[in-house]
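Written out below as structure tokens is the structure these notes cover.
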There are 2 protein chains.
Amino acid sequence: MAQNIRGYAAQSATAPLAPHQFERRDPRPDDVVIDILYCGVCHSDIHTARNEWGGSKYPVVPGHEIIGRVASVGDKVTKFKVGDMVGVGCMVDSCQHCDACNQGLEQYCEEVPTFTYNSLDRHDKRPTFGGYSERIVSSEKFVLRIPDGVDPKAAAPLLCAGITTWSPLRHWKISKGHKVAIIGLGGLGHMGLKFAKAMGADVTLFTRSPDKEEEARRLGADHVVLSTDPKQMEAVGRSFDFILDTVPHQHDLNPYLATLKLDGIHVLVGLVEPIEPAVHAGGLIFGRRSVAGSLIGGIPETQEMLDFCAKHGIGSDIEMINIQDINEAYARMLKSDVRYRFVIDMASLKKEA
Amino acid sequence: MAQNIRGYAAQSATAPLAPHQFERRDPRPDDVVIDILYCGVCHSDIHTARNEWGGSKYPVVPGHEIIGRVASVGDKVTKFKVGDMVGVGCMVDSCQHCDACNQGLEQYCEEVPTFTYNSLDRHDKRPTFGGYSERIVSSEKFVLRIPDGVDPKAAAPLLCAGITTWSPLRHWKISKGHKVAIIGLGGLGHMGLKFAKAMGADVTLFTRSPDKEEEARRLGADHVVLSTDPKQMEAVGRSFDFILDTVPHQHDLNPYLATLKLDGIHVLVGLVEPIEPAVHAGGLIFGRRSVAGSLIGGIPETQEMLDFCAKHGIGSDIEMINIQDINEAYARMLKSDVRYRFVIDMASLKKEA
């Protein structure tokens with residue numbers, strides 16, 4: 001396995017990169033160099049490590065829920081100084097001039113954002129490598145402040161799982177008086193419960209597991225509905241203003257659409273496949289309902305979320321692991337056997353040195 | 001064919017109703033009795049006459065784009081007097097107390113609206129019969145004023161085809177500065193072009209027929225895109241704020257979704273079937289796009305539309321027929337051979353007397 005930076009590289013199916021391609025770049029004037037302390041483990045890491053979405057360019061260094069301390073800064077960096085606790089999420093750059101970027105919605109950059117790993121730097125065209133590593137270099141525009149009052153370990157998953165649920169709840173202006181349902185209780189779902197509750201909504205968890213009720217209530221659910229029970233589903237017909245659907249695989253949306261009120265919105269944040277079984281258009285038309293999608297979140301809203309978390313004492317529920325445990329962690333994630341996010345203590349990398 | 005009212009009844013597959021069931025009711029205190037002058041011909045008429053949606057209760061008298069003059073009014077009617085030019089659309093009643101009704105969105109009545117035909121009156125439980133008839137009786141709440149300045153013949157299709165396109169354009173606040181695309185140039189599509197243009201939008205027609213360009217421009221299109229040409233489709237990628245999809249049969253939404261901007265909305269008003277081929281969730285997520293549905297329109301917004309039409313000189317493009325031509329009209333509609341709506345001159349009914 002190619003590893004001339006001290007990082008964890010996923011299985012290399014192709015020839016290793018030339019050494020010069022596999023080095024971190026020298027910092028540019030607007031760059032921040034970060035010593036990584038913690039990195040959350042996202043399903044995307046598995047998909048990319050295993051090339052399940054296609055397009056993986058090995059060696060891949062996964063990881064886009066990165067927390068660390070600033071080690072050095074370029075001459076033109078103004079927002080950060082050495083020693084600051086900071087984070088890097090799913091993106092490290094974008095075009096900075098399209099409509100989406102101008103709105104602070106860099107995730108929708110019309111020229112495609114530079115992702116934190118398995119992407120190409122838009123200036124030097126070298127591969128980007130993620131957070132299963134000792135260090136990362138990023139333009140300061142894509143670095144987040146981790147405020148005091150947020151546990152840095154528990155902040156790591158906020159940078160993907162957190163912002164992916166925060167962004168749609170905020171965009172669709174969820175607040176007191178709204179009835180919100182979350183589908184799925186995993187890395188994303190548990191953050192959805194916490195955020196929707198903290199925003200003042202009346203929150204329901206849809207789950208297929210009767211044994212998740214106590215946990216769901218601890219995390220903020222006011223109600224739990226067993227989606228496999230037609231009676232429970234019927235009882236919540238036309239109930240919700242908003243459904244946040246975190247399920248990452250194909251599933252039938254139609255029973256959930258029937259639980260939306262007039263003008264209700266069902267937002268997909270986990271599914272990146274064709275919507276099958278098919279949505280019945282009648283379920284949309286007879287209630288002016290919408291099915292929408294939402295992708296992570298922009299840099300300004302990620303900072304807003306982190307500040308909100310500090311104020312409200314919100315973090316992700318995590319299980320710490322060493323980098324040596326990563327393959328077991330992947331296996332457990334695929335069985336949904338994690339409450340609710342693995343975070344790698346990157347100090348463990350030194351054991352491999 | 002059962003016909004003890006002077007009306008046109010679709011093919012009777014079951015035993016005729018008892019004579020007392022097949023009479024117009026005596027007017028109630030809040031009722032308006034209308035002598036029908038004109039009735040538009042909607043695809044729903046065909047679906048119901050032929051039981052293509054199931055649930056047709058024969059004999060069916062279709063027709064829900066009804067224009068006529070007030071013949072008499074009940075004691076408590078305050079909005080109309082004998083001789084007024086009025087209209088009745090797709091609904092003649094609703095529960096009047098649910099959230100939807102309270103918002104003037106009776107089409108989404110939680111207890112289901114009473115439809116103009118093939119429905120049961122919610123008070124006396126007798127069947128409702130539509131506008132292929134000499135007369136109709138409706139609560140004044142569901143009767144529309146036809147303002148001076150609107151040609152009554154051309155107003156008939158406004159009551160279904162018109163309001164079905166008006167309502168979503170208005171709900172999603174289409175105005176100057178928006179780029180709107182209409183899919184399909186039929187009864188609904190041609191009204192969509194007129195309304196979107198009159199609201200100030202930059203309007204594009206998506207069509208599969210190169211020969212529709214001149215017509216589309218006459219009706220208000222600023223641009224015409226041949227949806228069968230991948231180059232033309234690619235050229236309008238990420239272009240539109242809003243797509244109004246009037247196509248009444250299954251079709252692939254994915255190429256159209258790619259033409260929506262960030263936060264763009266694709267609204268279905270014609271399709272009442274499963275959405276197949278499947279929508280790819282990625283097309284929604286990578287652009288925060290939505291697929292929504294919209295059903296006809298409420299009574300207050302229908303009146304608003306009629307008043308707008310009077311102000312802007314808008315009517316439907318119509319082809320007048322006699323009731324004796326209805327089967328031929330149905331056949332031509334199924335071949336899209338009508339520009340753009342048939343309207344029956346109900347005086348022709350007398351020829352059958």
Inset, instruction - Using a cut-off of under 4.5 Å on heavy-atom pairs, state which of A:Ser294, A:Pro168, A:Ala100, A:Pro277 scores highest against chain B. - result: A:Ser294

Legend entry - Residue A:Ile296 versus chain B: region with a heavy atom under 4.5 Å: neither

Legend entry - Interface moiety of A:Cys98 toward chain B, non-hydrogen atoms closer than 4.5 Å: neither

Inset, instruction - Report the distance from atom NE2 of A:His171 to atom CZ of B:Arg288, rounding to the nearest 0.5 Å. - result: 4.0 Å

Legend entry - For the student: nearest non-hydrogen atoms of A:Tyr108 and B:Phe286, plus distance: CD2-C, 4.1 Å

Legend entry - Winner by heavy-atom pair count (cut-off under 4.5 Å) against chain A, out of B:Ala278, B:Pro274, B:Ser290: B:Pro274

Legend entry - A:Val279 and B:Val291, any side-chain heavy atoms less than 4.5 Å apart: no

Inset, instruction - Look at A:Gly287, A:Gly282, A:Gly283 and state which one has the largest set of heavy-atom pairs under 4.5 Å with chain B. - result: A:Gly287

Inset, instruction - Inspect the surroundings of CD in A:Glu234 and state if more than 12 heavy atoms from other residues, nucleotides or ligands are less than 6.0 Å away. - result: no

Legend entry - Region of A:Leu271 in contact with chain B, defined by heavy-atom distances below 4.5 Å: both

Inset, instruction - Quick one: which of A:Gln107, A:Glu273, A:Glu276 has the most heavy-atom pairs under 4.5 Å with chain B, could you say? - result: A:Glu273

Legend entry - Part of B:Gln103 within contact of chain A (heavy atom distance under 4.5 Å): side chain

Legend entry - Partner chain A: residue of B:Leu295, B:Leu105, B:Val269 with the largest heavy-atom pair count (under 4.5 Å): B:Leu295

Legend entry - chain B contact via A:Arg289 - which portion, at a heavy-atom distance below 4.5 Å: backbone

Legend entry - Region of A:Asp263 in contact with chain B, defined by heavy-atom distances below 4.5 Å: side chain

Inset, instruction - Measure distances from B:Leu262 to the heavy atoms of chain A and classify the residue's part below 4.5 Å as side chain, backbone, both or neither. - result: side chain

Inset, instruction - May I ask you to name which of A:Ile265, A:Val272, A:Val267 has the most heavy-atom pairs under 4.5 Å with chain B? - result: A:Val272

